[in-house]
Each structure stands twice: as structure tokens, then as C-alpha cells.
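Sequential numbering from 1 along the given sequence is applied to the chain's residues.
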Amino acid sequence: MPHSHDHSATHEAHRHAGPRTVSFAVLTISDTRTPETDESGKTARGLIEKAGYTVARLDIVPDEAKRIGAWLLQAAKDRHVEAILTNGGTGISARDTTYEVIEKKIERPLPGFGELFRALSHGEIGSAAMLSRAAAGIFKGKPLFAVPGSPAAVTLALERLILPEISHLIGELRKHGHEHKKHKA
């Protein structure tokens, strides 16, 4: 009988090797939301804290490339932040600039995140899921996730994808001594 490797046991061992707590920076990208009306930011904070993790920063910036880029750089440099989540600006309208900013910042893409997010979204909203440009990757040694700005999208991304794997992902980055390097084109 051929030897079979139990991939699920290996995956579980890796998952449990990650940190027990993770501190997030959460950014809502919107021209109109305020701290009082930011349901997506509140949803993100609630789900992150319910999972036993923390939110070190919760901010709102307008959908302007320079403002988004500056916030991302500041969050990545913050030693209290281990993972970054943005919501909003991932659609295809002229005002949706998040994807372009994220794409330039990411040093190591995680294409599976966007693929899985759209596949799961398809089950909930149908073919409109293809309009989402949800994305993820590593930026300055930290996981960075960009998701659509609705509370439903934030919930889907956090519950089904990010929170189950964030400890594992950070553990892998630490284990392999990942340090951000400027990739030469």
C-alpha cells in the first residue's frame, strides 16, 4: 500500500505554531463614512476581537491614492501592527483606487485570497462577484488584505478566510525570517 501523507495534520500543526494573538490595523476607504457610520469598520473590529485578536488602529481615509498609500506605509511601520485590513475602494468605478495602490505596495502577492474571496462571494451574490478586486499579499513583512467595503464582504473575508489562517500566515513569515526586500524590476 502506498504511503499517504496526512496533509490536514501537517496543516493543523503549522496553524498551531503561529502566534496566539495578532494585532490588526483596519482602514475603511470611503469619501462619505464617518466613525459613526462606518459599519464595515465596526464589523471588522467586532469579528477580530471576537476571535481573540486585537485592533491597534481603526481609521477612515477618502478614496485617494496618496492618502491610502501614506496610511498603509504608516501602518506597516507601526510595531504594534502585525496584519493590515482595508475595506472599500476595490470596485471598478473611477473613484475605486485601492487595488492600484495595493498592487504597487505588495511585495509578495497571495493570489489565492482574491480567488477564494470571489468564489465564496459568487455563492452569495452571483456573477457580480467578478467585479470585486479583493486582493492580498505581504507588505513590509506584514499580511495586507483589501476587501470590498460592505459589512457582508468584511464578514465573509474575515470569517471564512483571514481569521482562520492569520496566525498560521504570520507564523510562516516569522519562521522563515521574512524581511521585506525591495524587488528590482
Which atom of [X] lies closest to which atom of [Y], heavy atoms considered:
X      : Y      : result
Ile68  : Pro62  : CG1-O, 4.0 Å
Gly137 : Ile106 : N-CD1, 3.5 Å
Ala56  : Val81  : CB-CG2, 4.1 Å

[X]: which residues meet the side chain to side chain donor-acceptor pair (under 3.5 Å) condition with it, sequence neighbours left out?
X      : value
Ser40  : Arg33
Thr155 : none
Thr43  : none
Ser127 : none

[Y] side chain reached by [X] side chain, heavy atoms, under 4.5 Å:
X     : Y      : answer
Thr90 : Val147 : no
Ser93 : Asp96  : yes
Arg57 : Gln74  : yes
Asn87 : Ile29  : no
Ile84 : Pro143 : no
Val55 : Leu58  : yes

Transitively linked via ILVMFWY side-chain contacts under 4.5 Å: [X] with [Y]?
X      : Y      : result
Leu116 : Tyr99  : no
Leu158 : Ile60  : no
Phe117 : Met130 : no

Is it the case that the side chain of [X] and the backbone of [Y] share a donor-acceptor pair, with hydrogens and angles ignored and the cut-off at 3.5 Å?
X      : Y      : answer
Ser167 : Arg20  : no
Lys42  : Thr37  : no
Asp38  : Pro35  : no
Lys105 : Phe139 : no

Residue pairs fulfilling ring-ring contact (aromatic ring centres under 6.0 Å, His included) with at least one residue in residues 58-96, sequence neighbours excluded
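Output for this query is empty, none listed.
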Please identify each residue that fulfils ring pair (Phe, Tyr, Trp, His ring centres under 6.0 Å) with Phe113, with sequence neighbours left out.
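Partners of Phe113 by the ring pair (Phe, Tyr, Trp, His ring centres under 6.0 Å) criterion, ordered by chain and then number, come out as Phe145.
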Going by ring pair (Phe, Tyr, Trp, His ring centres under 6.0 Å), name the residues that satisfy it together with Phe24, two or more places apart in sequence or in a different chain.
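Applying ring pair (Phe, Tyr, Trp, His ring centres under 6.0 Å) to Phe24 gives none.
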Roughly how far, to the nearest 0.5 Å, is the [atom2] atom of [Y] from the [atom1] atom of [X]?
X      : Y      : atom1 : atom2 : result
Leu72  : Lys140 : CG    : NZ    : 11.0 Å
Lys142 : Glu107 : NZ    : CD    : 11.5 Å
Leu163 : Leu85  : CG    : CG    : 9.0 Å
Ile162 : Leu156 : CD1   : CG    : 9.5 Å
Leu169 : Leu110 : CG    : CG    : 6.0 Å
Thr97  : Asp63  : OG1   : CG    : 4.0 Å

Between Ile170 and Val22, does the side-chain contact (heavy atoms from CB on, under 4.5 Å) criterion hold? Intermediate values first, please.
CA-CA 8 Å; Ile170 291 174; Val22 175; 3.4 Å; yes
For salt bridge (Lys or Arg N to Asp or Glu O under 4.0 Å), just list the numbers for Arg174 and Glu82, CA-CA rounded to whole Å, side-chain angles, deciding distance to a tenth of an Å, and then say yes or no.
CA-CA 11 Å; Arg174 289 178 182 171; Glu82 296 165 291; 2.5 Å; yes
For [X], give me all partners under salt bridge (charged side-chain N to carboxylate O under 4.0 Å, His left out), at least two apart in sequence or on another chain.
X      : answer
Glu159 : none
Glu49  : Arg45
Arg95  : Asp31

Before you tell me yes or no, could you show the steps for Leu144 and Ile138 under side-chain contact (heavy atoms from CB on, under 4.5 Å), namely the whole-Å CA-CA distance, both residues' side-chain angles and the distance that decides it to 0.1 Å?
CA-CA 6 Å; Leu144 165 60; Ile138 308 306; over 6 Å; no
Residues in side-chain contact (heavy atoms from CB on, under 4.5 Å) with Arg118, at least two apart?
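Partners of Arg118 by the side-chain contact (heavy atoms from CB on, under 4.5 Å) criterion, ordered by chain and then number, come out as Ser132, Ala134.
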Taking only residues at least two apart or on different chains, which pairs with a member in residues 128-139 satisfy salt bridge (Lys or Arg N to Asp or Glu O under 4.0 Å)?
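Listed once each, the pairs are Glu100-Arg133.
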